[in-house]
Number of protein chains: 2
Amino acid sequence: MTPESSDRSSGDLARSGTALKHDREWDYELDRIVNAAREREADAVGLQFPEGLKRRAPDVASALRDRLSETRIVLSGEPCYGACDLDLHLMRNADILVHFGHSPMKEQKNVLYVPLYSNVDPSPIVDRAIEELLDPPREDPDCGLVTTAQHLNHLEEIREQLEAAGYEVHTRKGDDRLTHEGQVLGCNYESANMDVEQILYVGGGKFHPLGLALDHPEKRVVIADPVNNALNVADTERFIKQRYGAIHRAMDAETWGVIVSTKVGQRRPEIATDIVESNPMAVEITMDEIDPGRLRNFGLDAYVNTACPRVATDDGAEFNVPVLTPPEYEIAVGNRDLEDLEFDSFHGTW
Amino acid sequence: MTPESSDRSSGDLARSGTALKHDREWDYELDRIVNAAREREADAVGLQFPEGLKRRAPDVASALRDRLSETRIVLSGEPCYGACDLDLHLMRNADILVHFGHSPMKEQKNVLYVPLYSNVDPSPIVDRAIEELLDPPREDPDCGLVTTAQHLNHLEEIREQLEAAGYEVHTRKGDDRLTHEGQVLGCNYESANMDVEQILYVGGGKFHPLGLALDHPEKRVVIADPVNNALNVADTERFIKQRYGAIHRAMDAETWGVIVSTKVGQRRPEIATDIVESNPMAVEITMDEIDPGRLRNFGLDAYVNTACPRVATDDGAEFNVPVLTPPEYEIAVGNRDLEDLEFDSFHGTW
């Protein structure tokens, strides 16, 4: 029995929601969900968690079920990688879909977004970034600042911390794919589109800063990761080599699959149509999850992925044939020079 | 370059459709598809192939594209395991969805079913079954006969062959999940629900006869496989042991996930509701594909699968926790005796 399942059976405590040990880390906003369900007299409430938090889902479902005894609580079992990736089946079949861990890409009438802000204090790692990796303000006073949905609640503190150290802090809101000032997504770094030479990224992991550095190769990206207490400068060299490798292999391809996503915020059918119309050896394929087995079954020589750009760039090595982004495809078929390789930024909503 | 991709680039031949080498095996009914698309003035035609035939899909798409130059041809990249598993996204977004390789579970206005009948002659292997494995007609004149969608075109020949050998041949149409007399599905063997002691199954592979023998344990199932030229008697012992093993492991489970499919012909939400309402440690989870990674993310002790029964019985060993069918769940939680284990037959359409 896991500690969490133990909580679920611990009687009254479980009913109050306080038995959720992870409430120390995440605020699931159960009151807001319960109120919304009661207001709308919901028969069914769907809960969708990102992959890294799915393990918390059964306890959250249990706590809600205790408070909403007349309401069916249903978990989404589909993989979920962002606000681009709403569970459309649950959205259609439940009265409310609660989407955890991402900020809204577009408001939907029956979707409740619960951001799950981090309660980790970023100031120690930001202090170290100022001390050790950012150019000192006397040399370069301008510093861009970006973060992810999880840490947006700390953005103003971080700004003040940098200003107190002498920086002029630059933030901006990106395009309409982004909800908040200073926010980046794995597929969109428009909020870093500013005239600075250094950018401080505050957030967990390497996924977002890697995309940031790929999209803004002229900028130095300093990573302050409060979750893993790690400090780094983003290094894209290995990734760029991999991408050149994939593009070169794809130059020999005769047959192409052009993938169009069925995920609501990952659809770019117009790019696929352009490719298929100009290439008689290309065929359009629609799917939700893109995995090596699904592509292997078709036996095509190479694929262009118009869905999430990170599938090609980050998971590329898992596929047995080249999977390119649309700008990479243009290079592979000779429409664009190799030097013009750029990150496949995803704009707009749906 | 594969032989098939070579066909695609072989000029005029490719345009006639005759370059499809596999036309020797399968009739894709291109004329019927082209006529339907023209009649309905289709802007987009979706093509959905079962997993084993996805490799043929790009060539079929190419041949159709050559004949329907104004129509977008789109392949379904979702896994497909039966007529229960229509690509709903393509069904909604294309004017016609062509579903290959399965007989209709339920007619849909914009779905065209192309059965892909086998052109392999079953008579030699049926002769051998009569000689070697069926009880001779003087001992037992009654013989049931079933087959799969692929071989239905040979059903009457096989019946006559058996009758000529002296058998009284029994066939029946199952429930409304089955289109044809004598047809079985992986999840439904109602067409074998007849008063005979021996049944001849004619078809490829072991998947269907295994289900048949599990659903009709009192009958002797003789397998005549014309595709692999193989003769056998279905043996369920190893499978039944595995199922007992999974049920025993699940008896220790405290937390349960109850899976409801989003696939149109695999939905049994009422079974899930019954389980969740009677078990406070069970939570409903919806998903399309059921794979080990998706279940592992939730960290529950065991799962009940109300979707395709074969996921639990045939893929059970791939999961790191027990995945049970609904009747197996009833045994694991003590509502039913172990001796009452039965195959999870799936009835009805949607």
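So you know, we letter chains A, B, ... as the sequences are listed, proteins then strands, and number each from 1.
Going from atom CZ of B:Arg72 over to atom CD of A:Glu277 covers 9.5 Å, rounded to the nearest 0.5 Å. Considering NE2 of B:His89 and CG of A:Leu88, their distance stands at 9.5 Å, rounded to 0.5 Å. Distance check, rounded to the nearest 0.5 Å: CG of B:Asn297 to CG of A:Leu75 gives 12.0 Å. Taking CG from A:Leu295 and NZ from B:Lys54, the interatomic distance works out to 11.0 Å, rounded to the nearest 0.5 Å.
Contacts of B:Phe100 classified as ring pair (Phe, Tyr, Trp, His ring centres under 6.0 Å), with partners at least two apart in sequence or in another chain: B:Phe49.
Contacts of A:Ile285 with chain B are made by both backbone and side-chain atoms, with heavy-atom separations under 4.5 Å. There is no contact between B:Val260 and chain A, counting heavy-atom distances below 4.5 Å. Neither the backbone nor the side chain of A:Val258 comes within contact range of chain B, judged by heavy atoms closer than 4.5 Å.
Nearest heavy atoms, A:Glu284 versus B:Ile73: CB-O, 4.1 Å. Annotation for B:Ala57 and A:Phe298: closest pair CB-CE2, 4.0 Å, computed over non-hydrogen atoms.
Contacts with chain A (heavy atom to heavy atom, under 4.5 Å) involve these residues of residues 263-273 of chain B, listed by number: B:Arg267, B:Thr273.
Ranking B:Gly46, B:Gly293, B:Pro79, B:Gly52 against chain A, the residue ahead of the rest is B:Pro79, based on heavy-atom pairs under 4.5 Å.
Counting heavy atoms from C-beta on, the side chains of B:Asp288 and A:Glu289 never come closer than 4.5 Å. Considering only heavy atoms from C-beta on, B:Thr255 stays 4.5 Å or farther from A:Pro58 through its side chain.
Here the options are A:Val276, A:Val283, A:Thr286, the test is side chain to side chain contact (heavy atoms under 4.5 Å, CB included), and the partner is B:Val74; only A:Thr286 passes.
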